[in-house]
Chemist: 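Right, I'll just put the structure down here and ask away after.
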Amino acid sequence: MIRINDILDQIHSYMPDADTSLVEKAYVYSAKVHAGQTRLSGEPYLSHPLAVAFILAQQRLDLASITAGLLHDSVEDTLATIEELEKMFGRDVARIVDGVTKISQIEFQSKIQKQAENIRKMILAMSKDIRVLLVKLADRLHNMRTLQYQKHHKRVKIARETLDIYAPLASRLGIDWMKRELEDLAFSFLYPEEYHELRQEVETRLGQRKAYVEEVKEIISKKMAEYSLSCRVLGRPKHIYSIYRKMRRQNVTIDEIYDLIAFRIILKSVTECYEALGIVHALWKPVPGRFKDYISLPKANMYQSLHTTVIGPYGERMEIQIRTEEMDKIASEGIAAHWLYKEGKVISKNQARQFDWLKRLMEWQKELEDPREFLESVRMDLFPDEVYVLTPNGEIKEFPTGATPIDFAYAIHTEVGHHCAGAKVNGKMVPLKYKLQNGDVVQIITSKHHVPSRDWLKIAKTSKARARIRQWIKTEEREKSLALGKDLCSREFKKNRLDFNEFLKAEAEEIARSLSFKTVDDMLIAAGYGKISPAQIVRKYLRTKHGEDYELHQTEVQTQTKTKKPSKEGILIHGHDDIMIHLGKCCTPVPGDEVVGYITRGRGVTIHRETCPNVSALEPDRKVEVQWTTDNDVNYPVKLNVVTADQKGMLAAVSNAISAAEANILEAKVTTNPDQSAHFTFVAEVRDGEHLKKVVSGIKKVGGVMRVARQASS
């Protein structure tokens with residue numbers, strides 16, 4: 001357990017003359033308000049704020065940040081108030097603690113909404129003081145280091161949020177060591193078997209390649225010395241999650257990953273960096289298209305380095321990074337290396353670029369009301385890699401990797417985006433799905449006859465473009481749904497010998513409010529979407545007019561609302577009952593998965609996994625909150641992709657493993673590849689997520705099986 005003296009010693013290592021009385025006062029206060037509280041590990045609760053404060057001191061942060069680290073949970077978990085903290089510790093400390101404190105006093109309709117609102121609050125707070133985020137990241141890091149004491153479902157939820165939100169935030173601030181640790185910890189809790197298998201494989205390979213690493217380092221050092229360049233040469237293994245991500249992205253095994261180790265050459269000046277690059281390229285043949293110059297064009301988080309991949313000794317590919325000592329410090333510590341958070345500090349234009357992403361987050365948190373859409377925009381704006389393209393006038397525009405001309409068009413102006421008919425890149429026509437590359441000169445061609453289509457959502461990458469496309473589609477959909485809703489209600493009223501036009505003039509507003517709609521149009525649009533049936537509107541109208549005991553005509557559709565009736569698929573739909581349920585064939589959800597419902601006209605509600613790639617393209621207005629029930633006895637189909645060695649009897653062995661796990665096989669397909677591997681696609685029936693884990697674990701134990709993965713979408 002970290003002690004207060006450890007924190008004070010760390011502070012004095014970089015601020016020898018610091019007056020630490022405020023930190024010591026915060027320690028005493030935190031010990032007092034958290035007295036008697038314990039963590040799930042059994043340790044005193046005080047161990048957590050102490051650990052958070054120590055992480056902040058390790059980053060060489062200011063006294064207000066470290067003080068806030070000691071107090072960050074006091075308002076949320078004790079009787080302490082922000083007003084009391086401000087009085088005792090000052091406005092700065094109180095503001096940071098308030099920014100880190102979750103919104104716990106408000107009741108939300110769903111977990112997603114609660115998560116979104118807490119992220120919104122943090123974004124607002126860190127836009128005023130970036131130290132809020134630094135304290136929050138330290139808090140999350142220590143919680144991840146002790147996550148094993150949480151229940152399984154909480155471990156998965158917190159780890160997923162860490163991978164989606166907090167690791168990218170650390171990356172955006174340039175704190176590489178923290179990003180790496182958060183990613184590896186999240187990976188270990190989300191996919192424990194894959195993590196431990198991969199870690200063991202990597203450690204074995206690194207042990208075998210120790211001599212090779214030393215040989216390469218010696219070759220580089222001697223060659224640099226020949227040209228009178230003084231340098232440090234490091235051979236650093238890539239972290240586990242980055243290797244796993246590369247294996248998934250390129251669909252390869254670890255045997256096909258040749259750059260497990262990245263070599264780094266650290267020199268004194270920028271001039272020496274470019275000189276060293278020339279020496280390396282003369283020594284070993286560079287791989288075409290694998291050179292990146294982040295010195296002349298730094299990343300948004302101020303990262304600078306030269307990256308090149310060469311064919312090194314024994315014909316193996318090697319990644320080499322070349323940078324100065326200052327660049328290496330910034331690459332590891334990020335924002336903390338510059339003390340940008342200190343009030344009154346004048347920052348350069350290049351340093352200010354680091355916060356462009358925060359401005360974008362601020363913009364979208366104001367505009368996006370749907371919690372899922374907001375969280376998606378946050379994830380996208382935290383995407384760490386950028387491309388830089390030019391307008392015809394030479395203005396530089398920054399986009400996430402994979403951005404298209406559609407993103408460029410909306411970055412210019414919303415109307416340019418809406419009427420984008422085509423694009424020229426470097427003077428040549430390209431399709432709208434073309435992925436922009438560094439240095440491209442982009443010109444948008446518009447036409448008043450061209451308007452957005454839903455397909456654009458599949459190729460647009462930026463939050464701005466996707467939000468504007470959705471907004472346009474939503475407006476169009478609302479108009480269509482309003483017309484359809486009026487038509488359906490008119491028919492239903494006529495069927496019950498009622499005058500729909502008279503209803504609109506007189507009682508419609510009252511009925512809309514009683515059905516929890518703000519306006520009559522909202523009620524009719526909901527009827528057009530299929531969220532509410534015209535028969536429900538008629539029933540409510542008649543019972544309001546004649547009393548709740550009024551007997552309905554035989555001609556009415558009998559769809560009396562029932563509360564919390566589970567479907568045959570074991571799904572409860574919030575606010576919608578007696579409605580058809582379909583499980584998405586694209587992602588095959590099973591109990592235990594986080595799921596979302598989508599209303600489809602004429603087909604009821606389709607259930608998708610939250611992680612299904614198709615969910616991001618769905619219209620937010622048609623999404624509904626759903627949850628699994630625990631009292632159903634249903635089997636669910638799930639798709640599994642299995643990669644094995646191409647040898648006799650593998651199909652029978654894998655099939656037997658699935659059967660041994662008490663799962664029924666509905667379908668099996670086999671393809672073989674020239675690389676001596678076999679690819680199996682199984683559709684098996686399972687009861688829930690735990691049963692699925694048992695099936696996957698059984699398959700992995702079969703000799704010759706290289707990889708097992710659940711199919712995300714088809």
Side-chain angles (χ1 to χ4, degrees), residues 356 359-360 362-370 373-374 376-377 380-381 386-487 519 521-522 524-526 528-529 598 600-601 614 616-623:
D356 286 346
K359 292 175 186 174
R360 289 197 294 270
M362 281 294 297
E363 181 183 347
W364 295 118
Q365 74 84 20
K366 293 174 187 174
E367 293 199 20
L368 299 175
E369 294 182 5
D370 181 81
E373 200 173 349
F374 166 69
E376 181 197 344
S377 78
M380 292 187 71
D381 273 331
E386 295 87 18
V387 293
Y388 301 92
V389 300
L390 303 169
T391 68
N393 296 328
E395 183 184 351
I396 297 175
K397 295 284 184 181
E398 178 187 318
F399 295 96
T401 299
T404 65
I406 290 174
D407 297 298
F408 185 92
Y410 278 101
I412 300 300
H413 194 277
T414 299
E415 286 303 309
V416 174
H418 282 347
H419 300 294
C420 176
K424 282 185 178 181
V425 173
N426 304 324
K428 295 180 180 179
M429 290 295 297
V430 296
L432 291 179
K433 64 181 179 181
Y434 169 84
K435 292 182 180 178
L436 300 176
Q437 305 296 317
N438 275 323
D440 280 347
V441 179
V442 186
Q443 180 184 354
I444 299 299
I445 299 165
T446 60
S447 168
K448 62 180 181 181
H449 301 296
H450 275 78
V451 293
S453 74
R454 193 173 291 277
D455 289 339
W456 285 13
L457 289 171
K458 297 176 183 177
I459 55 179
K461 281 287 181 183
T462 60
S463 298
K464 180 173 184 177
R466 293 172 67 85
R468 293 294 185 249
I469 294 164
R470 280 205 182 103
Q471 194 176 49
W472 191 91
I473 292 171
K474 182 178 178 180
T475 301
E476 289 292 300
E477 290 280 335
R478 280 180 65 87
E479 290 176 4
K480 290 178 183 177
S481 295
L482 179 59
L484 179 60
K486 283 182 178 178
D487 182 54
T519 67
D521 278 359
D522 286 344
L524 297 175
I525 287 166
Y529 273 144
Y598 183 70
T600 310
R601 289 195 187 97
N614 293 330
S616 62
L618 300 180
E619 193 64 38
D621 276 359
R622 296 203 205 171
K623 292 178 185 176

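Note that the structure is predicted; figures quoted are calculated from it, not measured. Residue indices begin at 1 and follow the sequence shown.
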Chemist: Can you name the residues that form a side chain to side chain donor-acceptor pair (under 3.5 Å) with Thr391, not counting sequence neighbours?
Modeler: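 With neighbours one apart ignored, the set is empty.
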Chemist: Between Ile444 and Phe408, which heavy-atom pair has the shortest distance, and what is it?
Modeler: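 Heavy-atom minimum between the residues: CG1-CD2, 3.6 Å.
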Chemist: Which atom pair, heavy atoms only, marks the closest approach of Ile459 to Lys433?
Modeler: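 In this case the closest contact between Ile459 and Lys433 is CG2-CB, 3.9 Å.
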Chemist: What is the distance from atom NZ of Lys435 to atom OG1 of Thr401, rounded to the nearest 0.5 Å?
Modeler: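 Reported value, rounded in 0.5 Å steps: 9.5 Å.
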Chemist: Report yes if some heavy atom in the side chain of Ile406 is under 4.5 Å from a heavy atom in the side chain of Ile469; otherwise report no.
Modeler: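 Result yes, sub-4.5 Å side-chain heavy-atom pair found.
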Chemist: Do Arg478 and Asp522 touch side chain to side chain, with heavy atoms closer than 4.5 Å?
Modeler: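 A side-chain contact exists here, since the closest heavy-atom pair is under 4.5 Å.
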Chemist: So, using side chain to side chain donor-acceptor pair (under 3.5 Å) as the criterion, who are the partners of Ser453 when residues are at least two apart?
Modeler: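 Partners of Ser453 by the side chain to side chain donor-acceptor pair (under 3.5 Å) criterion come out as none, since no residue qualifies.
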Chemist: Under the side chain to side chain contact (heavy atoms under 4.5 Å, CB included) criterion, do Ile473 and Leu457 qualify, and how do the steps go?
Modeler: CA-CA 10 Å; Ile473 292 171; Leu457 289 171; 4.3 Å; yes
Chemist: Please enumerate all residues that pass side chain to side chain donor-acceptor pair (under 3.5 Å) together with Lys397, with sequence neighbours excluded.
Modeler: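 Counting only residues at least two positions away or on another chain, Lys397 forms a side chain to side chain donor-acceptor pair (under 3.5 Å) with Glu395.
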Chemist: Can you name the side chain to side chain contact (heavy atoms under 4.5 Å, CB included) partners of His419, sequence neighbours left out?
Modeler: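 With sequence neighbours excluded, His419 shows a side chain to side chain contact (heavy atoms under 4.5 Å, CB included) to Glu415, Thr446, given in chain and number order.
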Chemist: Can you give me the closest heavy-atom contact between Leu436 and Phe399, atom names plus distance?
Modeler: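 Nearest heavy atoms, Leu436 then Phe399: CD1-CD1, 4.3 Å.
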Chemist: Give me the ring orientation class for Tyr410 and His418: parallel if the planes are under 30° apart, tilted from 30 to 60°, perpendicular past 60°.
Modeler: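 The rings of Tyr410 and His418 stand perpendicular, inter-plane angle above 60°.
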Chemist: Please report the shortest heavy-atom distance between Gln443 and Pro392, naming the atom on each side.
Modeler: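 Looking at all heavy atoms of both residues, the closest pair is CB-CG, 4.1 Å.
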Chemist: Tell me every residue that passes side chain to side chain donor-acceptor pair (under 3.5 Å) with Asp521, counting only those two or more places apart in sequence or in another chain.
Modeler: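 For Asp521 there are no side chain to side chain donor-acceptor pair (under 3.5 Å) partners, ignoring immediate neighbours.
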Chemist: Starting at CD of Glu479, measure out to CD1 of Ile525 and round the result to the nearest 0.5 Å.
Modeler: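 Here the interatomic distance stands at 9.0 Å.
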Chemist: May I have the list of side-chain donor-acceptor pairs in residues 420-432 shorter than 3.5 Å, sequence neighbours left out?
Modeler:
unit_1 : atom_1 : unit_2 : atom_2 : d
Asn426 : OD1    : Val441 : N      : 2.9
Asn426 : ND2    : Asp440 : OD1    : 3.1

